[in-house]
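Both backbone and side-chain heavy atoms feed into the values below; hydrogens, waters and symmetry mates do not. Bear in mind that the values here come from a model prediction, so they are computed numbers and not experimental data. One-based numbering, in listed order, for ligands and for the atoms of each.
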Amino acid sequence: FSIIVFLYGGIPFLRMGRDELEDREPGMMALISLAIFVAFTYSMGSLFLSGSSSFFWELVTLIDVMLLGHWIEMRSVRKASGALEELKELMPDTAEKITENGTDEVRVSELEEGDKVLVRPGDSIPVDGKVYDGESSVDESMVTGESKPVDKSEGDEVIGGTVNNEGSLRIEVTATGDETALSGIMNLVEEAQKSESRSQKLADRAAGWLFYIALGSGLVTGVAWTLAVGFGLTVIERVVTVLVIACPHALGLAVPLVVAINTSMAAQNGILVRDRIAMEEARTIDTVVFDKTGTLTEGEQSVVDIKAVSQEDEVLGKMAAAESDSEHVIAEAIRNEAEDRGIDIPESSGFESISGKGVRAEVGGIEVHVGGPNMLEHLEVKKRFEDFVERSGRKGRTVVYLVEDGEVRGAVALADRIRDKSREAVKKLQNRGVEVAMLTGDSEDVAASVAEELNIDTHFAEVLPEDKDSKIQELQNQGKKVAMVGDGVNDAPALTRANVGIAIGSGTDVAVESADVILVKNNPKAVVKLLNLSDLNYRKMLQNLFWATGYNALAIPLAAGIAAPVGVMLSPAVGAGIMSLSTVIVAINAQLMRRKSINP
Ligand code: AMP
């Protein structure tokens, strides 16, 4: 019976052990093979040669427990590293393609660019696309980490794998298969999970040593017991137990499991880690440099202040009406503000653009002008709101006036608006003891006012794109560990230079080569999350390495029979059980990471 169990149940271990030896990377399987091989030959030898003692019972239980342990291990490991599967499952299998006579249910893989698809309320969006009809909100949290649903209407882009809420959307397919954002994200996650990290190398090396430590311990145990009680069954039993218990399996999994879970937690929060070393280093960052435009600010002009002789809304409505034909960024900002405030925009006609000065139109039958200081000169009207204009100027804002009946009736100040989330992000970073700096090509006035508003310690203004990376170097020369947050386009050299380069969200474009980390969503708060994840990553790795090596340090002497004088002797099967248990503990400890909150 033992021969059958050895040949059937033991073969997988022997085969894998042989592979390890062939690759000159002896490890766990080589040790197990050695253990069962020793047990088997000894027993066969004693059966045929002396016929006295044999070891068959122990051999069989050892192999059985090992198989069972291995099976349990595989299960918990698969559960821990199933992050990619979770992402894959976001994509539905079928879609409702819109045809000439209604809709057709087709496989998502059959969709092509330009096809039109209907997404019903509650359905997952099957591909990347652009909405051409319908209004709804979409839950994009699985891709961007942003919990608030995002409103979508005609012209908006949607991401495959996200979930449509209350309305129907008709979308035109813009990307399928490997081209979609989710595929890009999955590739990055896979790459990051594979990318070697420093702690991984350390653990691998330790696991390599453990093979020789196990071999050495086995040898010492054998010699010591032979000297003490003479060669016999006990000696073989001890040696086999030591070999089995010293298997470095837990150590081999300690780091990869943490990496797998950490990377997927990051991805679920819209943080894509391209380089694992960056994730390990992030927790040591003491300075975060933000590129201002498009990162701390919205990156486009908007109305940030209004002054009016009458109702603000009335002034803004008239201005928006006069601007309704203009393509100028100022016109767009004014129209957006009016729309955001839900103002009824009055009828207007007779548009005329006065180049370099502004616009003229008739609003409600009355002639109005909207324009900058040049316009006031041109119309020869008296200046007004000196305080407002002076204050805005100091902050580097652009002022545009509304002129009606030959007098200034209102004015708006335009600036690149600071994101609400920037304030929180800066504060949270400072609370962590991280210094925050800002980098911009804008004038000193603008930079200083933004820095002041955000309470940022250091700012660099009027920096040309090509000089951004030398500013980073300057900080590094002061002994600082710097993370740079930018848009990944004109910041590329600075992102590369920084200890950790973070490219901030372009939504679907995740292929920013120069960055170590990509934030899917344009939200500076994710930087804080990244640092929290890095902390968590480090803690879990340490814990796991402790569990894996600590177990060996304790269990090997016990297996060797150090406690024999007080009557404690581990059998090989119990040894195998403990070995598997340590792996399961490491896997569960890694799993527990998911329970931790990384929200700033
Ligand atoms: P531009 O050379 O087109 O950028 O315009 C120069 C200045 O003219 C701007 O800074 C504004 O003060 C004013 N201006 C131009 N177009 C407009 C417009 N559509 N609405 C208000 N002001 C404008």
Side-chain angles (χ1 to χ4, degrees), residues 292-294 297-418 440-450 461-462 464 490:
K292 179 185 77 79
T293 309
T297 64
E298 311 261 3
E300 53 191 55
Q301 292 286 309
S302 42
V303 175
V304 289
D305 209 353
I306 300 187
K307 190 85 185 169
V309 287
S310 53
Q311 289 284 322
E312 280 188 7
D313 282 4
E314 190 196 324
V315 165
L316 202 59
K318 282 184 180 163
M319 291 177 96
E323 295 279 18
S324 53
D325 241 23
S326 169
E327 298 278 305
H328 205 277
V329 284
I330 293 178
E332 208 171 309
I334 291 175
R335 288 198 301 263
N336 285 344
E337 180 69 16
E339 196 180 309
D340 285 352
R341 292 188 180 207
I343 297 173
D344 281 331
I345 297 171
E347 294 282 318
S348 53
S349 60
F351 303 104
E352 193 186 320
S353 134
I354 307 169
S355 167
K357 298 189 177 74
V359 292
R360 188 213 85 100
E362 271 126 46
V363 178
I366 302 169
E367 180 183 53
V368 301
H369 288 85
V370 177
N374 292 349
M375 181 65 101
L376 299 192
E377 269 170 40
H378 170 76
L379 297 173
E380 296 178 353
V381 297
K382 227 173 74 207
K383 288 187 179 151
R384 204 171 191 171
F385 312 136
E386 305 279 349
D387 273 2
F388 175 82
V389 175
E390 199 262 335
R391 185 164 32 124
S392 302
R394 233 185 313 121
K395 293 187 171 175
R397 295 173 175 171
T398 308
V399 176
V400 174
Y401 304 89
L402 169 72
V403 181
E404 200 182 313
D405 285 341
E407 72 170 316
V408 175
R409 286 300 189 80
V412 297
L414 298 123
D416 187 2
R417 183 182 288 156
I418 296 170
T440 177
D442 282 1
S443 71
E444 175 61 30
D445 282 349
V446 178
S449 91
V450 173
E462 288 160 45
L464 297 172
N490 62 37

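- Pairing each heavy atom of A321 with each of S324, the nearest pair is O-OG, 2.8 Å.
- Of the listed residues (T398, V399, D387), just one forms a side chain to side chain contact (heavy atoms under 4.5 Å, CB included) with S392, and that residue is V399.
- Residue I330 holds the heavy atom nearest to atom 9 (C) of ligand 1 of all those in D325, V412, V329, I330.
- Taking a cut-off of under 4.0 Å to the non-hydrogen atoms of V359, the atoms of ligand 1 that pass are 19 (N).
- When only non-hydrogen protein atoms are considered, atom 22 (N) of ligand 1 lies nearest to G371 CA, 3.6 Å.
- Given atom 18 (C) of ligand 1, the protein heavy atom at minimum distance is E323 OE2, 3.5 Å.
- In terms of heavy-atom proximity, K292 sits nearest to V446 at NZ-CG1, 4.0 Å.
- V303 pairs in a side chain to side chain contact (heavy atoms under 4.5 Å, CB included) with only one of the listed residues (N336, D340, V400, V412), which is V412.
- Near V400, with a cut-off below 4.0 Å to any heavy atom, the atoms of ligand 1 are 21 (C).
- Closest protein heavy atom to atom 3 (O) of ligand 1: H328 NE2, 3.0 Å.
- Residue S326 approaches ligand 1 through these ligand atoms, each under 4.0 Å from one of its heavy atoms: 19 (N).
- We find that E380 and K382 are not joined by a salt bridge, their nearest charged nitrogen and carboxylate oxygen being 4.0 Å or further apart.
- Y401 and P373 make their closest contact through CE1-N, 3.9 Å (heavy atoms, listed as atom of the first residue, atom of the second, distance).
- Protein heavy atom nearest atom 17 (C) of ligand 1, with residue, atom name and distance: G358 CA, 3.5 Å.
- Inclusion of G356 in the set of residues having an N or O under 3.5 Å from an N or O of ligand 1 is warranted.
- Residue-environment remark: CD (E339) stays at or below the threshold of 12 foreign heavy atoms within 6.0 Å.
- The 12-atom threshold is not exceeded at CD of Q311, counting heavy atoms of other residues, nucleotides or ligands nearer than 6.0 Å.
- Of all protein heavy atoms, the one lying nearest to atom 13 (C) of ligand 1 is K357 O, 3.0 Å.
- Ranking the protein heavy atoms by distance from atom 12 (O) of ligand 1 puts G372 CA, 3.2 Å first.
- The shortest separation from a heavy atom of N374 to ligand 1 is not under 4.0 Å, leaving the residue out of contact.
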